[in-house]
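Keep in mind that the numbers below use all heavy atoms, side chains included, and drop hydrogens, waters and symmetry copies. Order of listing sets the numbers, starting from 1, for every ligand and every atom in it.
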Amino acid sequence: MPEETITKGRRRFLGAAGAAALGAAAQPFVNPGTAHAQRSGKLRIALVGTGIRGSGLWGKTLNDKYGDVLEFVGLCDRNPLRVDFVKSYMGVSCPTFTDFDEMIAKTKPDKVIVTTMDCFHAKYICRAMELGCDVITEKPLCTDEKMCQQIIDTEKRTGKHIRVTFNYRYGPAATRIRELLMSGEIGKVTSVDFNYYLNTDHGASYYRRWHGFKQYSGSLLVHKSTHHFDLLNWWLDGEPVEVNAHGDLRHYGWNGDNYGERCMTCQHKSTCPYFWDITKNDFMMNLYVKCEPADGYIRDACLYRREINIWDTMAVQVRYHNDVLLNYSLNSCMPYEGYLVGFNGTKGRLDVREYHSQPWEVEGMADFRITPLFGKTRTFTIPHGGGGHWGGDQKMQDMIFRGPIADPLGQTAGSRAGALSIMIGVSARRSIEQQKPMFVEDLVKI
Ligand SMILES: NC(=O)c1ccc[n+]([C@@H]2O[C@H](COP(=O)([O-])OP(=O)(O)OC[C@H]3O[C@@H](n4cnc5c(N)ncnc54)[C@H](O)[C@@H]3O)[C@@H](O)[C@H]2O)c1
């Protein structure tokens, strides 16, 4: 790549970086939801996408824990059976819809929560803003560069606001890493090694459903890595400039012999190590299997389906606007789950190993090691944070719905963070497909 191009790209991003800089992030965050509730009663929430995430964290949990400041005014899903089941599961009395525009017109919500399949996020985020609503969306912001541009432009045009729910920012280890890097203990970060491992349970689950198809999930480089790339962007106060990637499908999809349509009817039930019996889980049967007649969504589909077109083995290199170099990998067929991250700084190195699930005993949730260039190493362990995503889910929802609260670490994420994060994954996908490095700014103007 010619040096002028790199320098040019870097300079253009440096200008934009001001808004994301630490100083801006340290401003107190005034919670719009609470302000509304104080003004005119409860915040009116409509939700689209009543699957496992929409019915749980953003459905029942939200209604049960924050019912004093918000009320559900509408639920929407393209599957009428699922949305009706979820209404009763949540214990709410609001109407249900299969038509999004009709829901907004009839219920007039303040905020729309988007928890559909990833590839439909952009459609509902943009439509909600056009119809006058602010948006809370699950990650990833969207799945390709065109959708990303559309979201950025629509937010600007409508003056509405998008919040992206990056719950990993609120986990105890991620928070501690941010604090340590902000403290300057290891100096200015020059490069990072980040390896993420998904196991044969959680990792395999992505190949059983829509996530296994680029057209729906953007690949795991978007669907899953958006969490990791957001953490990196946030930890580093960095904006990605150039991305180079490689990817392969080495285990799932066409690689397996035990092929069948789905676990429930499979002839390899007794021998396949991935056999998963959905019939043993009443909630999953109600949420998915009993709703199949309406949309044919099979939740326990075979992870050896020949058409699966995402990668399970991925390596990505990123150059940031502030000259940090990143080496990242994601492997989704591992015997254990968690990550290793190492930050090389001008004054020393920070190593962190976070454990999510492994067949051996560990004392806490994450081990930290800080080693100055000249001096003794310091180690400590972070204990487990209780609750969903290591306590991150609840902390994030408190931040959104119980304010105003200060945000000294800049954990609140909007469309810019959402876009910068998915654009590493989208660029990595394009890099693999086109077999060349990609410049983020050639794909989208953020
Ligand atoms: N932040 C996290 O840790 C986390 C965890 C899990 C899921 N998620 C995100 O939450 C979202 C939902 O994931 P899930 O696991 O609940 O998936 P799911 O398959 O269980 O649910 C998706 C729902 O969207 C509905 N849907 C699909 N297309 C639609 C359309 N065009 N219009 C209306 N409804 C439509 C489906 O019928 C289904 O009910 C995804 O974007 C996923 O990335 C985030």
Side-chain angles (χ1 to χ4, degrees), residues 46-61 74-87 89 96-104 112-128 135-143 147 163-171 174 198 202 205-206 208-213 215-228 230-231 278 283-284 286-301 356 387-397 400 413 418 421-422 425:
L47 180 142
V48 59
T50 55
I52 189 86
R53 193 74 171 161
S55 61
L57 185 77
W58 295 108
K60 186 165 172 49
T61 303
L75 296 174
C76 176
D77 196 282
R78 70 176 176 186
N79 186 318
L81 301 175
R82 184 148 44 244
V83 72
D84 280 349
F85 165 69
V86 169
K87 175 181 169 172
Y89 168 69
T96 60
F97 301 86
T98 51
D99 185 305
F100 182 76
D101 280 20
E102 186 191 347
M103 173 171 78
I104 303 299
V112 169
I113 299 180
V114 179
T115 47
T116 61
M117 222 153 95
D118 299 349
C119 62
F120 295 113
H121 286 189
K123 170 182 165 180
Y124 291 119
I125 290 171
C126 291
R127 194 69 188 131
V135 175
I136 296 173
T137 182
E138 257 301 351
K139 50 54 57 176
L141 180 68
C142 56
T143 51
M147 296 175 185
R163 176 137 189 173
V164 184
T165 57
F166 282 128
N167 47 348
Y168 281 32
R169 289 188 181 198
Y170 298 83
L198 294 167
H202 183 209
S205 75
Y206 295 116
R208 299 186 194 279
R209 30 187 189 143
W210 49 266
H211 309 62
F213 299 91
Q215 58 272 34
Y216 301 140
S217 67
S219 83
L220 286 186
L221 286 167
V222 174
H223 172 83
K224 190 69 200 172
S225 305
T226 187
H227 279 304
H228 316 147
D230 174 65
L231 284 179
I278 194 171
F283 179 71
M284 293 298 234
N286 285 322
L287 188 67
Y288 296 110
V289 178
K290 289 185 184 163
C291 302
E292 280 174 19
D295 64 2
Y297 176 8
I298 295 179
R299 179 60 185 80
D300 65 337
H356 297 167
H389 293 99
W390 326 284
D393 285 345
Q394 176 153 5
K395 279 193 187 135
M396 178 182 65
Q397 288 192 327
I400 298 174
S421 147
I422 63 130

With a 4.0 Å heavy-atom cut-off (strictly under), which part of [X] contacts ligand 1: side chain, backbone, both or neither?
{"X": "Arg78", "answer": "both"}
{"X": "Lys123", "answer": "neither"}
{"X": "Tyr124", "answer": "side chain"}
{"X": "Tyr288", "answer": "side chain"}
{"X": "Arg82", "answer": "side chain"}

Point to revise | Contacts of type side-chain hydrogen bond (donor to acceptor under 3.5 Å, both in side chains), residue Thr96, not counting sequence neighbours | key: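 Testing Thr96 for side-chain hydrogen bond (donor to acceptor under 3.5 Å, both in side chains), a comparison that skips the adjacent residues, returns Asp84.
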
Point to revise | Residues that Asp118 engages under side-chain hydrogen bond (donor to acceptor under 3.5 Å, both in side chains), provided they are two or more places apart | key: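 Applying side-chain hydrogen bond (donor to acceptor under 3.5 Å, both in side chains) to Asp118 gives His223.
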
[atom]: the protein heavy-atom neighbour that sits closest, reported with distance to 0.1 Å:
{"atom": "atom 6 (C) of ligand 1", "answer": "Arg53 CD, 3.5 Å"}
{"atom": "atom 41 (O) of ligand 1", "answer": "Asp118 OD1, 2.5 Å"}
{"atom": "atom 37 (O) of ligand 1", "answer": "Asp77 OD1, 2.6 Å"}
{"atom": "atom 12 (C) of ligand 1", "answer": "Thr115 O, 3.2 Å"}
{"atom": "atom 21 (O) of ligand 1", "answer": "Gly51 CA, 3.2 Å"}
{"atom": "atom 19 (O) of ligand 1", "answer": "Tyr297 OH, 2.7 Å"}
{"atom": "atom 44 (C) of ligand 1", "answer": "Glu138 OE1, 3.2 Å"}
{"atom": "atom 15 (O) of ligand 1", "answer": "Ile52 CG2, 3.1 Å"}

Atoms in ligand 1 with a heavy atom of [X] nearer than 4.0 Å:
{"X": "His389", "result": "3 (O)"}
{"X": "His223", "result": "42 (C), 43 (O)"}
{"X": "Thr50", "result": "39 (O)"}
{"X": "His227", "result": "1 (N), 2 (C), 3 (O)"}
{"X": "Pro140", "result": "43 (O)"}
{"X": "Arg209", "result": "15 (O)"}
{"X": "Thr116", "result": "11 (C), 12 (C), 24 (O), 33 (C), 34 (N), 35 (C), 40 (C), 41 (O)"}

Check your understanding: Any N or O of Trp210 that comes nearer than 3.5 Å to an N or O of ligand 1?
Key ->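 It does: an N or O of Trp210 is found under 3.5 Å from an N or O of ligand 1.
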
Check your understanding: Can you find an N/O atom of Tyr168 closer than 3.5 Å to an N/O atom of ligand 1?
Key ->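 No, Tyr168 has no N/O under 3.5 Å of an N/O on ligand 1.
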
Review point. Do Tyr168 and Trp390 have their ring centres less than 6.0 Å from each other?
Key: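 Yes, ring centres under 6.0 Å apart.
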
Exercise for review: Taking the side chain as every heavy atom from C-beta outward, state whether Thr116 and Arg78 have any atom pair closer than 4.5 Å.
Suggested key: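 No, side chains not in contact.
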
Check your understanding: Within a strict 4.5 Å, meaning less than it, do heavy atoms of the Val83 and Phe97 side chains meet?
Key ->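 The answer is no, as the side chains (C-beta and beyond) never meet within the 4.5 Å cut-off.
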
Point to revise | Electrostatic pair Asp393-Arg53, nearest N-O below 4.0 angstrom | key: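 Arg53 and Asp393: salt-bridged.
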
